[in-house]
Structures are given as C-alpha cells and as structure tokens.
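For reference, the structure discussed in these notes is given below.
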Amino acid sequence: ALPISDNKNNWRFRFMLAEQLTGLCSFSGAEEISNQVAPLTLSLAIDRVCDVRMAAVEAMGGVLARLKQLAPDTDILAKVFVDRLVSQFADSNKWVNRQTFVALCHHLLAKKVVSLERFSQILLPRLLRLAKDKVVNIRLSVAKSMNDLLIAFDLGDDNSTSVFAVLRQLLRDRDQNVREFAQTAKDAVGYISQGEESSEE
C-alpha cells in the first residue's frame with residue numbers, strides 16, 4: 001500500500017491519487033482491488049480535506065462497480081466492502097465520517113452503482129436514520145439527498161413509506177436550511193403531495 005501522510009502540504013497529491021483510483025480498478029483483478037485499492041479508498045475517505053474525501057467517495061463507487069463486474073455471480077467481495085463502509089462511516093462516532101457516508105449513498109444511488117434492492121437492504125435504513133442526527137450538517141446532507149431518494153423509491157416501492165416519513169420529518173426540522181432543502185426536494189417531485197395525502201388518510 002502507498003504511504004499517505006495526512007498533512008496540509010500534500011493534500012493535492014492525495015486528491016489526485018483518489019481521482020486515479022477508479023481508473024486503476026479497470027486494470028486490476030478482484031483480489032488486488034479488495035486487498036489494495038479498497039483499503040486505500042477507505043483511508044482517503046477519512047482525510048481532513050473535504051475535496052480528498054469527495055474524490056474518495058467516487059473512488060469507492062468505482063471499487064464497488066468493478067468488483068461487481070468481476071464477480072457478478074458471487075458478489076462476495078463487494079458485499080464485504082459495503083459492510084466495511086457501513087461500519088467505518090455510517091456507525092462512526094465522528095460526524096464527518098457520517099457525513100461522508102451520506103455523500104457515498106448519494107453517489108451510489110445517482111450513479112446506480114448498487115441495485116435498489118441492495119441499497120434498500122443495507123444502506124437506506126442507515127441513511128434515513130441519519131436524518132435524526134444531532135449534527136445539523138448531517139441532517140442537511142440527508143435533506144440534500146432526498147430528491148434522488150424520492151425519484152428512486154416512488155409510490156410503488158415498498159420503501160416509499162419510510163422515505164416519505166423522513167421527508168416530512170426534515171420539513172419540520174429546527175434548522176431552516178434543512179427545511180429548505182427538504183422543501184426543494186418535495187417541490188421537485190410533484191407527486192409527493194399525493195403520497196403524503198394518501199399516507200395520512
């Protein structure tokens with residue numbers, strides 16, 4: 001593994017490294033990705049510099065996509081990696097890691113890196129739970145992701161009730177910015193009002 005020094009003087013190197021990891025996956029086998037590239041993305045995703053973390057989020061998406069491509073039947077290495085993402089970020093005591101998890105969920109959903117079934121089973125419950133996080137930046141990040149969630153899990157989906165419930169919660173959040181982003185998501189997806197009405201009857 002490459003040594004990574006987390007200091008302000010070489011953050012640009014870490015950023016460029018993170019940006020190149022997805023391309024590196026294209027030339028690597030499943031074991032090499034799992035043992036070398038994936039741990040590197042996890043290290044970069046806890047960097048103190050936001051740009052590095054966000055580049056690492058895209059790299060983690062690249063790792064998952066490539067692992068699925070190399071082993072579409074078993075998918076075991078991808079499952080292991082997702083479990084590590086959950087334990088390191090969603091369940092972290094550090095708020096910045098939880099915020100990175102929200103960004104990762106947004107990226108995976110927008111890019112359709114994982115199936116909706118897998119997303120619903122593993123990632124969605126923890127993402128929605130963060131809508132009640134004590135840190136406002138976490139709730140704000142969840143509110144920003146609501147538009148994609150509303151599109152993915154529409155009224156015909158079994159998970160729509162949970163998604164709509166979280167939206168209504170965010171619309172009542174004590175922070176004005178959270179409420180505004182939740183309202184933007186609601187306005188962007190016109191049928192949400194019908195969903196709310198039907199759920200309250």
Without swapping roles, check the side chain of D175 against the backbone of V178 for a donor-acceptor pair under 3.5 Å. yes

Minimum heavy-atom distance between L127 and F101, given as atom pair plus value: N-CE2, 3.9 Å

For residues S28 and I33, report the shortest heavy-atom separation together with the two atoms involved. CB-CG1, 3.6 Å

Taking the side chain as every heavy atom from C-beta outward, state whether I46 and N97 have any atom pair closer than 4.5 Å. yes

Just so I know, are the side chains of L21 and L40 near enough to count as touching, which here means a heavy-atom distance under 4.5 Å? yes

Working to the nearest 0.5 Å, report the span between CD of Q99 and CG of N137. 5.5 Å

Nearest 0.5 Å please: distance from the CG atom of D148 over to the NZ atom of K112. 10.5 Å

Could you check whether any side-chain N or O of S34 sits under 3.5 Å from a backbone N or O of A30, counting only pairs where one atom can act as donor and the other as acceptor? no

Show me the donor-acceptor pairs within less than 3.5 Å that the side chains of residues 83-91 make with the rest of the protein, sequence neighbours left out.
from : atom 1 : to  : atom 2 : distance (Å)
S87  : OG     : D83 : O      : 3.3
S87  : OG     : R84 : O      : 3.1
Q88  : NE2    : L42 : O      : 3.2

I want to check something: taking the side chain as every heavy atom from C-beta on, are V142 and L128 in contact at a cut-off of under 4.5 Å? no

Report the C-alpha distance between T184 and N147 in whole Å, list the side-chain angles of each, state the deciding distance to 0.1 Å, and finish with yes or no for side-chain contact (heavy atoms from CB on, under 4.5 Å). CA-CA 8 Å; T184 298; N147 190 46; over 6 Å; no

Heavy-atom side-chain proximity of F15 to L44 below 4.5 angstrom: no

Counting C-beta onward and ignoring hydrogens, is there a side-chain heavy-atom pair between V113 and M60 closer than 4.5 Å? no

CG on L150 to CZ on F164, rounded to 0.5 Å: 6.0 Å

Residue among R12, R14, R53 satisfying salt bridge (Lys or Arg N to Asp or Glu O under 4.0 Å) with D47: R14

Please report the closest heavy-atom contact between L109 and L116, naming both atoms and the distance. CD1-CD2, 3.7 Å

Roughly how far, to the nearest 0.5 Å, is CG of L170 from NZ of K186? 12.5 Å

Would K68 and D75 count as a salt bridge (Lys or Arg N to Asp or Glu O under 4.0 Å) here? Give the steps. CA-CA 6 Å; K68 286 176 55 183; D75 206 17; over 6 Å; no

After noting the C-alpha distance and the side-chain angles of V57 and T41, does the key distance pass the side-chain contact (heavy atoms from CB on, under 4.5 Å) rule? CA-CA 8 Å; V57 162; T41 64; over 6 Å; no

Minimal non-hydrogen separation, L64 against A78, with atom names: CD2-O, 3.7 Å

Are H106 and K144 close enough that some pair of their side-chain heavy atoms sits under 4.5 Å apart? no

Interatomic distance, NZ@K94 vs OG1@T100, rounded to 0.5 Å, equals 11.5 Å

Salt bridge present between R139 and D133 (N-O < 4.0 angstrom): no

R66 side chain to C25 main-chain N or O, any donor-acceptor pair under 3.5 Å? yes

Where do N35 and P39 come nearest, in terms of heavy atoms and distance? O-CG, 3.4 Å

Gap separating the OG atom of S160 from the CG atom of L167, nearest 0.5 angstrom: 12.0 Å

Considering all heavy atoms, the nearest G61-L108 contact: CA-CD2, 3.9 Å

Using only atom types and a distance under 3.5 Å, with no angle test, would you say the side chain of R179 pairs donor to acceptor with the backbone of D173? yes

Please check: side-chain N/O of E19 versus main-chain N/O of A55, any donor-acceptor pairing under 3.5 Å? no

For residues L149 and M146, determine if any side-chain heavy atom of one lies less than 4.5 Å from a side-chain heavy atom of the other. yes

